[in-house]
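Below: one structure, written as structure tokens.
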Amino acid sequence: MPPTPHPAPTPALPTVPIAVRRFDLAATLDSGQVFHWRRFDDGFIGLIDRTPVFLKQVDPTRLLVTPGTETAVAHYLALDHDLEAITATFPQNDPSLARAVAYAPGLRLIRQPAWECLATFITSSLKQVAHISQISHALRQQFGQPVTWDGPTLHTYPEPAALAAAGARLLQECRLGYRARYLADTADMIASGSLNLSFLNDPTVSDHDALAHLQRAPGVGPKVAACVLLFAGERLGFFPIDVWIERTLKELYFKQETHVPTEKLAAFARQHFGPYRGYAQQFLFHYARTSAATPHKRRP
DNA sequence: TCACAGGGGTAGT
DNA sequence: ACTACCCCTGTG
């Protein structure tokens with residue numbers, strides 16, 4: 001480490017170690033499932049719901065976390081997911097998928113708070129990851145609540161009532177564009193009780209019904225709904241198809257064909273990748289976006 | 001410096 | 001199927 005010139009060195013935050021296996025913090029937080037974690041002192045800071053947390057992975061088997069947050073962190077990061085068992089269900093004759101898994105074997109699908117996840121993905125349409133993150137932070141700053149702790153002040157994701165009260169006009173100031181109306185209207189549905197997100201994690205509600213419920217919300221179509229069911233509902237059989245995955249699937253599995261409809265890709269994903277295809281999607285997506293060998297576009 | 005295209009889709013036709 | 005939608009960011 002060269003001596004830091006003027007700005008004061010970031011004060012080290014207190015941590016306790018927890019043991020991890022097959023876990024990659026950076027890949028997990030930077031694989032497009034969550035957008036509010038910020039780099040801090042070779043680690044990340046952010047909120048798990050309302051709990052401020054500093055996370056830092058020092059080696060493949062050790063994760064440093066803010067004291068007292070161990071249980072919340074383990075649950076949020078889904079450290080209990082058995083990745084060996086999950087990847088064992090993947091097709092064994094698929095070198096492309098194997099390459100994507102080998103690229104970031106410790107990538108995990110985390111358990112996000114439902115509303116925060118839904119709202120964030122409503123704002124994600126036709127946006128680049130950097131911009132989604134920017135919008136997310138702006139909304140927190142403007143309409144969330146500050147949380148003070150040892151580290152830099154963080155802001156909670158605003159409650160549905162706060163965004164509903166703000167209204168589309170005010171939300172617009174966070175550069176949401178046409179998404180402001182969707183977000184305000186969905187926030188209103190939830191604040192008024194006309195939509196209750198508790199079905200997301202309710203095992204008695206089928207995937208089919210959960211998808212239908214979610215799509216009642218304005219700004220929520222098949223792609224956003226699949227993301228929420230996967231990232232907040234822990235329904236690992238959902239397979240969101242965005243432009244990246246669409247390109248990837250066409251390139252890898254439909255090279256010869258032109259004009260492959262999305263429905264055909266979805267059907268292929270269902271039968272080819274198996275019950276944990278949500279994980280397969282995440283591995284393929286992360287590989288396509290961050291490895292140098294992306295198919296068409298080459299912009300990380 | 002400043003157009004200009006193109007973004008992790010959705011809803012209305 | 002086909003478009004409009006808001007507007008930021010990256011490129012030339």
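It should be emphasised that the depicted structure is a prediction, and the values quoted were computed from it without experimental measurement. Below, read A as the first sequence line, B as the second, and so on, with proteins coming before strands; counting in each chain starts at 1.
For B:dT10 and C:dT9, the P atoms lie 22 Å apart once the distance is rounded to whole Å. Here, C:dT11 and B:dG8 have their P atoms 13 Å apart, quoted to the whole Å. When the P atom is used for both C:dC6 and B:dT13, the distance is 15 Å, rounded to whole Å.
Within the 4.0 angstrom heavy-atom criterion, no nucleotide atom of any strand lies near A:P240. Looking at heavy-atom distances under 4.0 Å, A:V129 makes contact with a base. Using a 4.0 Å heavy-atom criterion, one finds that A:Q215 contacts no nucleic acid atom at all. When heavy atoms are screened at a 4.0 angstrom cut-off, A:A217 is found touching the sugar-phosphate backbone but no base atom.
Here the P atom of nucleotide B:dG9 and the CG atom of A:L183 are 17 Å apart, to the nearest Å. The distance between atom CZ of A:F35 and atom P of B:dG8, rounded to the nearest whole Å, is 10 Å. In this structure, the CD1 atom of A:I135 is 17 Å from the P atom of B:dG7, given to the nearest Å.
Among all heavy-atom pairs drawn from A:R38 and A:L154, the shortest one is NH2-CD2, 4.1 Å.
When only modelled atom types and interatomic distance are considered, A:Y279 and A:H81 share a side-chain donor-acceptor pair under 3.5 Å. In this model, a donor atom of one side chain and an acceptor atom of the other lie less than 3.5 Å apart for A:T61 and A:D59. A:T290 and A:Y103 form a side-chain donor-acceptor contact under 3.5 Å, judged by distance and modelled atom types alone.
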* Give the dot-bracket string for DNA chain C, reading 5' to 3', where a pair is Watson-Crick or G-U wobble with both distances under 3.5 Å, ( ) marks pairs inside the strand, [ ] marks pairs crossing earlier ones, | marks a partner on another strand, and . marks unpaired. => |||||.||||||
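Taking the six-membered ring where tryptophan is involved, the planes of A:H272 and A:F268 are essentially parallel, since the angle between them stays under 30° and well short of 60°. Taking the six-membered ring where the residue is Trp, A:Y76 and A:W37 present tilted rings, their angle falling between 30° and 60°.
The base of B:dG8 lies outside donor-acceptor range of the side chain of A:K127, with no N or O pair under 3.5 Å.
In this structure, A:R22 places its CZ atom where more than 12 heavy-atom neighbours from other residues, nucleotides or ligands lie under 6.0 Å away. A 6.0 Å sphere centred on CZ of A:F44 holds more than 12 heavy atoms belonging to other residues, nucleotides or ligands.
An OP1 or OP2 oxygen of C:dC8 is reached within less than 4.0 angstrom by a side-chain nitrogen or oxygen of A:R175. One finds no side-chain N or O of A:Q128 lying less than 4.0 angstrom from the OP1 or OP2 phosphate oxygen of C:dC7.
Set against C:dC8, B:dG7, C:dC6, the side chain of A:Y178 has C:dC6 as its closest nucleotide. Side chain of A:H131, nearest nucleotide from B:dT10, B:dG8, C:dC8: C:dC8.
Of the two residues near DNA chain C, A:A130 and A:Q172, the one whose nearest nucleotide lies more 5' is A:Q172. Residue whose closest nucleotide on DNA chain B sits further toward the 5' end, between A:P218 and A:S31: A:S31. Judged by closest nucleotide on DNA chain C, A:L126 is the one of A:L126 and A:Q134 placed further toward the 5' end.
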